[in-house]
Protein chains: 2
Amino acid sequence: MTIAEIAKLANVSIGTVDRVLHERGRVAPKTVEKVMSIIEEHGYQPNAYARNLKLSKQFTIGVLLPLLHSEYGYWNLMYEGILKAAKELSPLAVSIDMLEFDRTKGGSLLTQGRRLLEKSVDALLLAPVVPAEAKALLADYPSLDYAFIDSPLPDTIPVCSVIQNPYQGGYLAGRMMHLLQPGGGTLLAIQTHRTAYNSSERVRGFLSYFADKPGYQTYDMEIHFAGENPLGDLDTFYRNHPDMSGIFVVSDAIHRVAELVVQLGRKSQTVMIGYDAIAQNCKAMRNKQVDCLISQRPEFQGYTAIYQLYRKGLLNQLPETTICVPIDIILPENLMEEPDTYLKP
Amino acid sequence: MTIAEIAKLANVSIGTVDRVLHERGRVAPKTVEKVMSIIEEHGYQPNAYARNLKLSKQFTIGVLLPLLHSEYGYWNLMYEGILKAAKELSPLAVSIDMLEFDRTKGGSLLTQGRRLLEKSVDALLLAPVVPAEAKALLADYPSLDYAFIDSPLPDTIPVCSVIQNPYQGGYLAGRMMHLLQPGGGTLLAIQTHRTAYNSSERVRGFLSYFADKPGYQTYDMEIHFAGENPLGDLDTFYRNHPDMSGIFVVSDAIHRVAELVVQLGRKSQTVMIGYDAIAQNCKAMRNKQVDCLISQRPEFQGYTAIYQLYRKGLLNQLPETTICVPIDIILPENLMEEPDTYLKP
DNA sequence: TATATTTGCGTTTACGTTAACGCACAGTAC
DNA sequence: GTACTGTGCGTTAACGTAAACGCAAATATA
């Protein structure tokens with residue numbers, strides 16, 4: 001069903017149909033009605049190829065992420081997914097334009113976001129880790145299509161949010177800790193960065209799992225690797241709690257904490273659970289310094305969000321507004337090897 | 001960079017450039033060389049919109065799957081992913097044409113496959129669960145693009161195989177059994193269908209995990225729900241092995257086995273691990289009849305395979321030939337709830 | 001009444017690619 | 001010599017959509 005066919009059925013020209021479809025006016029009410037009824041009846045769907053050929057514009061998606069290497073690789077995994085989607089979509093005239101911001105510096109998200117949006121991008125992919133600034137930024141561009149990854153932003157209407165339930169993730173980490181360390185003892189939940197919503201929710205979920213489990217004592221603390229004495233802090237904690245039996249790190253820094261634990265000679269008594277399968281964490285798992293990882297599929301998040309913005313912007317599709325990423329459990333037994341080992345036994 | 005620009009740079013017409021690009025002959029060797037060098041230099045990529053508009057043909061992907069309801073929903077989950085991809089791609093002139101076959105009947109795959117391919121599909125998505133017939137089918141259509149899901153087919157060159165390592169899946173199930181049932185005892189691996197490659201490999205992986213674990217005895221058996229006495233068989237097994245402590249079902253039929261175990265009053269002594277998060281299995285997990293599921297992301301497999309065929313056929317991309325699906329662990333704590341519960345606390 | 005302006009429509013061009021077609025100029029056959 | 005055949009190119013018409021343009025007739029303004 002093409003515009004020409006509709007035009008023929010309605011006894012008008014394609015120009016008139018086009019004006020009706022795009023509500024550009026200069027059409028008699030009666031004609032509008034006739035054309036619309038034919039469209040409804042036959043279920044017209046514009047030809048995406050013809051449409052985009054005619055418009056023949058590059059569809060640029062702005063990407064605004066925290067410094068890619070600020071947290072050992074979590075954001076870099078997001079970026080890898082984004083790049084993969086962008087590469088696949090490049091023959092469809094989709095491209096990305098990325099800027100990073102420093103989430104530890106107030107105003108950085110807003111400044112970088114404005115720099116990005118001044119370049120007139122067609123859509124925005126944003127990690128709203130500084131909620132107030134993200135809201136201020138979006139308020140300036142009310143007609144912009146945007147999507148969130150990592151976490152949602154209340155009171156906004158994104159094309160799509162690709163997120164994971166952090167409380168549930170922490171709760172699941174609790175269950176895995178319980179399985180891996182059935183003997184009870186003292187458990188420690190560690191945050192390594194400035195408090196973020198996802199981090200504190202994970203701690204909350206973890207603690208809540210053990211709230212009714214006898215034989216376990218739970219604590220939570222913050223460790224900062226920049227310019228402090230994390231080794232000393234951890235050593236003190238071990239000395240005060242000789243029955244330490246497990247550590248849960250709510251960020252991707254478990255491999256750093258695991259190093260400390262190994263240095264203190266405490267690995268054998270400590271089950272280590274962390275977040276996200278970044279390269280260093282996978283390596284630490286292969287070295288048996290880390291026992292379990294919880295993953296939020298960061299590549300998938302970035303990949304999916306780009307595709308959803310593309311579908312909205314170029315295909316006029318209305319994607320699901322919330323995509324909830326499953327919480328993956330990674331043990332040494334399902335840590336991905338090289339992809340093709342299966343086919344070459 | 002368009003064909004017209006290349007033509008101008010090479011001092012030839014667009015027709016000549018087109019003939020070079022499509023190797024349609026009637027071009028002087030010197031001209032071919034000149035055009036090719038300009039293309040290489042400037043990195044020409046054809047405009048996918050223009051290309052597909054001109055060709056303006058429906059791209060039909062034939063889908064050949066085992067009877068959707070033959071195995072409690074595993075194939076149906078695959079189909080859901082396929083449908084989702086097809087829906088998303090419908091404005092890009094992609095459609096699917098599905099036929100089911102009965103994997104228990106010899107010749108069914110071949111017959112149905114031929115019926116499907118006679119309708120001149122542009123690509124084929126196939127679950128090669130009957131290897132010999134699948135090979136015979138593909139041999140008849142040497143120029144056809146095809147992709148595999150569920151399992152690979154040796155000695156063929158598919159556009160893409162979306163698969164999972166079944167041995168590793170069974171091995172992981174072993175690890176989870178070990179965690180969930182640390183007390184040792186007799187473990188039983190159950191196959192419910194006619195022997196398939198994936199099933200036997202999973203059993204192998206599971207048994208191999210426990211090969212060096214003292215305190216565990218492992219057995220494997222087949223149970224058939226159609227017209228036999230599965231309850232009696234299982235009862236006999238329990239009576240002969242009073243220390244039964246775990247069952248691993250290598251198919252999606254764990255919920256059926258769980259029913260039997262509950263009927264026999266043996267659930268409390270038996271850890272139940274199965275495959276695939278079909279609706280009945282999720283329900284059984286919520287009812288605490290099933291303790292753990294291993295998932296091979298069937299929706300993802302179908303979805304991905306359709307997209308890869310589309311990318312090959314319409315975007316001329318060369319996707320990865322093997323996509324190895326991660327092995328997911330599903331516990332009650334990460335069984336997906338309704339997607340939007342997270343945003344509405 | 002004469003001149004603008006608006007309304008309602010049809011016509012046309014362009015987007016980049018594909019592939020059929022046309023045409024001049026060779027070389028070959030009789 | 002004429003009549004073919006083949007080679008190497010240029011030209012052109014689509015594909016479906018978007019949007020500018022043109023042009024009457026109707027309405028408004030002077």
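For clarity, every value in this text was computed on a predicted model and none was experimentally measured.
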Does B:Ser37 use its side chain to pair, donor to acceptor, with the backbone of B:Lys34 at less than 3.5 Å?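 Checked: pair present.
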
Are the side chain of B:Glu80 and the backbone N or O of B:Glu299 linked by a donor-acceptor pair below 3.5 Å?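 Answer holds: no.
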
Heavy-atom distance under 4.5 Å between the side chains of A:Leu99 and A:Val63, does that happen here?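 Result no, sub-4.5 Å side-chain heavy-atom pair not found.
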
For the pair made of [atom1] in [X] and [atom2] in [N], what is the distance, rounded to whole Å?
{"X": "B:Leu21", "N": "D:dC9", "atom1": "CG", "atom2": "P", "result": "15 Å"}
{"X": "A:Arg51", "N": "C:dG16", "atom1": "CZ", "atom2": "P", "result": "17 Å"}
{"X": "B:Gln58", "N": "D:dG16", "atom1": "CD", "atom2": "C1'", "result": "14 Å"}
{"X": "B:Lys54", "N": "C:dA14", "atom1": "NZ", "atom2": "C1'", "result": "16 Å"}

Distance, nearest 0.5 Å, that separates CZ of A:Arg51 from CG of B:Leu53: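 Going from the CZ atom of A:Arg51 to the CG atom of B:Leu53 covers 13.5 Å.
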
Taking only heavy atoms on the protein side, list every residue of residues 6-19 of chain B lying under 4.0 Å from any atom of DNA chain C, sorted numerically.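 Nucleic-acid contacts, sorted: B:Ile14, B:Asp18.
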
More than 12 heavy atoms from other groups under 6.0 Å of [atom1] on [X]:
{"X": "A:Arg115", "atom1": "CZ", "result": "no"}
{"X": "B:Gln58", "atom1": "CD", "result": "yes"}
{"X": "B:Lys119", "atom1": "NZ", "result": "yes"}
{"X": "B:Met1", "atom1": "CE", "result": "yes"}

Looking only at the side chains, is there a donor atom on one of B:Tyr44 and B:Glu5 sitting less than 3.5 Å from an acceptor on the other?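 The answer is no; no qualifying pair exists.
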
Verify the distance criterion only: is there a donor paired with an acceptor across the side chains of A:Glu88 and B:Tyr307 at less than 3.5 Å?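 No, no side-chain donor-acceptor pair sits under 3.5 Å.
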
Criterion side-chain contact (heavy atoms from CB on, under 4.5 Å) against A:Phe101, the qualifying member of A:Val129, A:Leu67, A:Leu116: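 When A:Val129, A:Leu67, A:Leu116 are each tested with A:Phe101, the side-chain contact (heavy atoms from CB on, under 4.5 Å) holds only for A:Val129.
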
Is there a donor on the side chain of B:Arg24 or the base of C:dA19 sitting less than 3.5 Å from an acceptor on the other?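 Donor-acceptor pair under 3.5 Å: yes.
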
Could you tell me, to 10°, how much the axis swings from one end of the helix from C:dT1-D:dA30 to C:dC30-D:dG1 to the other, five pairs per end?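 Answer rounded to 10°: the end axes differ by 60°.
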
Base, sugar-phosphate alone, or nothing: which one does A:Leu53 contact when heavy atoms must sit under 4.0 Å apart?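 Base: the residue A:Leu53, judged by heavy atoms under 4.0 Å, touches a nucleobase.
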
Does anything in residues 27-39 of chain A come within less than 4.0 Å of DNA chain D? Heavy atoms only, and list the residues if so.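 Going residue by residue through residues 27-39 of chain A, none turns out to have a heavy atom under 4.0 Å of DNA chain D.
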
Given DNA chain D, 5'-ward residue of the pair A:Met1 and A:Arg26, judged by closest heavy atom: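 Going by which nucleotide is closer to the 5' end, it is A:Met1.
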
Nearest to the B:Ile3 side chain among D:dC9, D:dT17, C:dT18, which nucleotide is it?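 Shortest atom-to-atom distance from the side chain points to C:dT18.
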
When you check the phosphate oxygens OP1 and OP2 of D:dA18, does a side-chain N or O of A:Tyr49 lie under 4.0 Å from one of them?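 Answer is no, no contact under 4.0 Å.
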
